[in-house]
Number of protein chains: 2
Amino acid sequence: MTEESAQPERIGVLRPTLEAVAELAGVSRATVSRVVNGGAGVRASLRERVQRAVEELGYVPNQAARTLVTRRNDAVAVVVAEPESRVFSDPFFAQQLRGIGKELSAADSQLVLLLVEDTGDYQRVGRYLAGGHVDGALLFSLHQDDPLPAMAHRVGLPTVIGGRPWAATDRDQLYVDTDNRGGARLAVGHLAALGRRRIATITGPLDQTSAADRLDGYRDILPDGDPQLIAESDFTQEGGGRAMAELLARRPDVDAVFAASDLMASAALRVLREHGRRVPEDVAVVGFDDLESVAAWTDPPLTTVRQDIEDMGRLMARLLLRRLAGNGGADAARTTPASVITPTRLVVRASA
Amino acid sequence: MTEESAQPERIGVLRPTLEAVAELAGVSRATVSRVVNGGAGVRASLRERVQRAVEELGYVPNQAARTLVTRRNDAVAVVVAEPESRVFSDPFFAQQLRGIGKELSAADSQLVLLLVEDTGDYQRVGRYLAGGHVDGALLFSLHQDDPLPAMAHRVGLPTVIGGRPWAATDRDQLYVDTDNRGGARLAVGHLAALGRRRIATITGPLDQTSAADRLDGYRDILPDGDPQLIAESDFTQEGGGRAMAELLARRPDVDAVFAASDLMASAALRVLREHGRRVPEDVAVVGFDDLESVAAWTDPPLTTVRQDIEDMGRLMARLLLRRLAGNGGADAARTTPASVITPTRLVVRASA
DNA sequence: TTGAAAGCGCTAACAC
DNA sequence: GTGTTAGCGCTTTCAA
């Protein structure tokens, strides 16, 4: 009994198989399988007998065996290529995940969250995705040369990316993005309409398309702007504060700031106050995101560009699910979903 | 081509199998399998030939098939029974997850995070755990009658719980907990030693053992305390602020507060200031957790009970991995790991 | 060292 | 309706 053998020599609980249930119920495996999977086309009396047997034995289908034949997992991976210190401090992810979770639950699919902490993790996560543990993947926070989309494409794993990817690995790579450029134009246009003439911007990390696109929107409105008025930052509170201080040093006459995230805008507000500037009288400030927990509670409340983050998550999940569902047919072309750019709108509060 | 058939009619990329690699390399499936799994006992020349074939075909083993025979997944679930709004706002989880992630990476096991949002999710998560997708599970934030441990036990899934469970489902249910009671004694003892005589406490939700145990520690030091000095709260910032206001209303002469979390303590600090109390002169405050991002940055910096959260995560993972490893033998008794209570210590800063 | 062959537990034709 | 049967892709004896 000590050595492994072909016989079912298990350590803990002996998990019953379809076979065992079939025997106990006095039917064939096929019938048990039918009952377990909905029971369509099985006489009621038999069905009940089988159900009792399932109950009695505490039978739970072995997913590996099932997946092996059906090629479905009813699970979807969400991969976030960001240290968890950021994943867990930025409300952005939480909201996005909430949307995704809701949509997947409705489809009875399990959300599996994978965090890519450092470079070494890529291999393991890649193996996980390639190994067929999930039916599809939602990829987030991809930086410029992230290998994940290519990996997924290589093994044929359906994928939707959060945010516009830098380059399409795949002709029909699906993604969901906010209209970052349009949103930025809204913000900067508003400041210009207010009569501000020295409008600065605090950007996100420019190796992310969201940050780059927002800067492009800024430039759309101010094509001849002073480069001194552009401070590159990183979407965090600390970074935003630093950038604001820098701008103040470079151009003390700055009279407006478009910060590419609410977190950065809130830090800018604080730094401006510390430097004796009144908002919005001396300097008008506009953020981006409209995070409920931030924008409404700053002093003064933040004028910002609203994007519906939870809805983006929902959309991503829906896109993926539709692609998964649309597998079978030759009519793929008709049912193939397309990438989505969600709209933004300006929410005017007191800061600008 | 439109209908499903037994033939490999796939939609996207045709994923190569062992068979295909074997054919291309001109060897048997067994040999390919050996190479893929480390290549022990295969002649170098053959090994290389196989590796080239694997490379060329972009072969990735099908995990479902592998799991079906090995009964291993190299994946571990972390289940958090808490709405993500809390998971993502409380740094506690992030730290714990970091510890777990590190330990699992080292064992080349994939961390799979499952969030239980509402009651409906239990079924799906239960099915996921029972379905054999993971080798084991780490369970967090279990409330009083949480069905998860029983579910896991029922299907024989090795499990380690974060925090002491209310009742052991299983004789040798493993868990990792902080010495909550001892830590609370440290905190309250410190306040008493400072000469404080009207020491209040703000508790966590008393349906969680961590909160209940900390309250017990408080009572150990103050067995005859005034019940008016005890305010039940919920570990959040909002709750902590409310509780502090309440205490101030009930006992304006309060001269010390032991808050059962740093988040609550920081809110208490703010409320005390708003009520014109100086800390620590009028009211001394001690927290619990020693969250880097909170305790050191409050004004004044928080005296608190330190628990090494990341290490707890690490410990949980290690316990689980050891249990997983210790499966095979009859010597299970000797290698069986036992639950752990991690020590606490008082970190004295300016608030008490 | 290598290959042949027997399953792991399940689903899905297909036949009755 | 129900049972029989043939795999899904892999690992692992066992023999050569």
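Everything numeric here is computed off the predicted structure, so don't read it as measured data. Chain A is the first sequence line, chain B the second, and so forth, proteins listed ahead of strands; every chain is numbered from 1.
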Below the 4.0 Å mark, does D/dC8 have OP1 or OP2 next to a side-chain nitrogen or oxygen of B/Asn62? no

B/Ser33 side-chain N/O to D/dT11 phosphate OP1/OP2 under 4.0 Å: yes

Of the listed nucleotides (C/dC10, D/dC8, C/dA12), which one gets closest to any side-chain atom of A/Arg71? D/dC8

Given D/dT11, C/dG3, D/dT2, which nucleotide is nearest the side-chain atoms of A/Leu46? D/dT2

Classify the side chain of A/Arg15 and the base of C/dG9 as holding, or not holding, a donor-acceptor pair under 3.5 Å. no

Other residues, nucleotides and ligands only: do more than 12 of their heavy atoms fall within 6.0 Å of CD on A/Glu23? no

Between the opening five pairs and the closing five pairs of the helix from C/dT1-D/dA16 to C/dC16-D/dG1, how far apart are the helix axes, to 10°? 40°

Result for 5'-nearest mapping on DNA chain C, choosing between A/Val60 and B/Arg29, is B/Arg29

Taking atom C1' of C/dG7 as reference, at what distance in whole Å does atom CG of B/Leu68 sit? 9 Å

With respect to B/Leu113, which candidate in B/Leu138, B/Val79, B/Val80 satisfies the side-chain contact (heavy atoms from CB on, under 4.5 Å) definition? B/Val80

Counting any heavy atom closer than 4.0 Å, what does B/Val36 reach on the DNA or RNA strands: base, sugar-phosphate only, or nothing? nothing

Can you name the closest pair of heavy atoms from B/Asn73 and A/His133 and give their distance? O-CE1, 4.3 Å

Assess, by modelled atom type and distance only, whether the side chains of B/Asp74 and A/Tyr128 contain a donor and an acceptor separated by less than 3.5 Å. no

Go through C/dA12, D/dT11, D/dT2 for me and flag the one nearest to the A/Thr31 side chain. D/dT2

Rounded distance (Å) that lies between atom C1' of C/dA12 and atom CZ of A/Arg72: 14 Å

I want to verify a distance call: between C/dC14, C/dC8, C/dT11, whose nearest atom is closest to the A/Arg34 side chain? C/dC14

Calculate the interatomic distance between A/Arg47 atom CZ and D/dT2 atom C1'; express it in whole Å. 14 Å

Could you tell me whether the phosphate oxygens of D/dG3, OP1 or OP2, come under 4.0 Å of any side-chain nitrogen or oxygen in A/Ser28? yes

Scanning both residues in full, the closest heavy-atom pair of B/Pro149 with B/Asp146 reads CD-O, 3.3 Å

May I have the distance from A/Glu23 (atom CD) to D/dT2 (atom P), rounded to whole angstrom? 19 Å

Taking every non-hydrogen atom, the tightest pair across B/Val21 and B/Ala53: CG1-CB, 3.8 Å

So if I take every side-chain heavy atom of A/Arg43 and compare against D/dT4, D/dT2, C/dC10, which nucleotide ends up nearest? D/dT2

Any side-chain heavy atom of A/Val54 within less than 4.5 Å of one from A/Val35? no

Quick one: A/Glu19 CD to D/dT4 C1', roughly how many Å, whole number? 12 Å

Strictly below 4.0 Å: does B/Arg66 bring a side-chain N or O up to OP1 or OP2 of D/dT11? yes

Where the side chain of B/Val42 is defined as all heavy atoms beyond and including C-beta, which of C/dG9, D/dT12, C/dT2 is the nearest nucleotide? C/dT2

What is the distance, rounded to the nearest whole Å, between atom CG of B/Asp74 and atom P of D/dT11? 12 Å

Minimum heavy-atom distance between A/Ala107 and A/Leu321, given as atom pair plus value: CB-CD1, 3.7 Å

A/Leu18 CG to C/dT11 P: how many Å, rounded? 6 Å

B/Arg49 CZ to C/dT2 C1', straight-line distance once rounded to whole Å: 12 Å

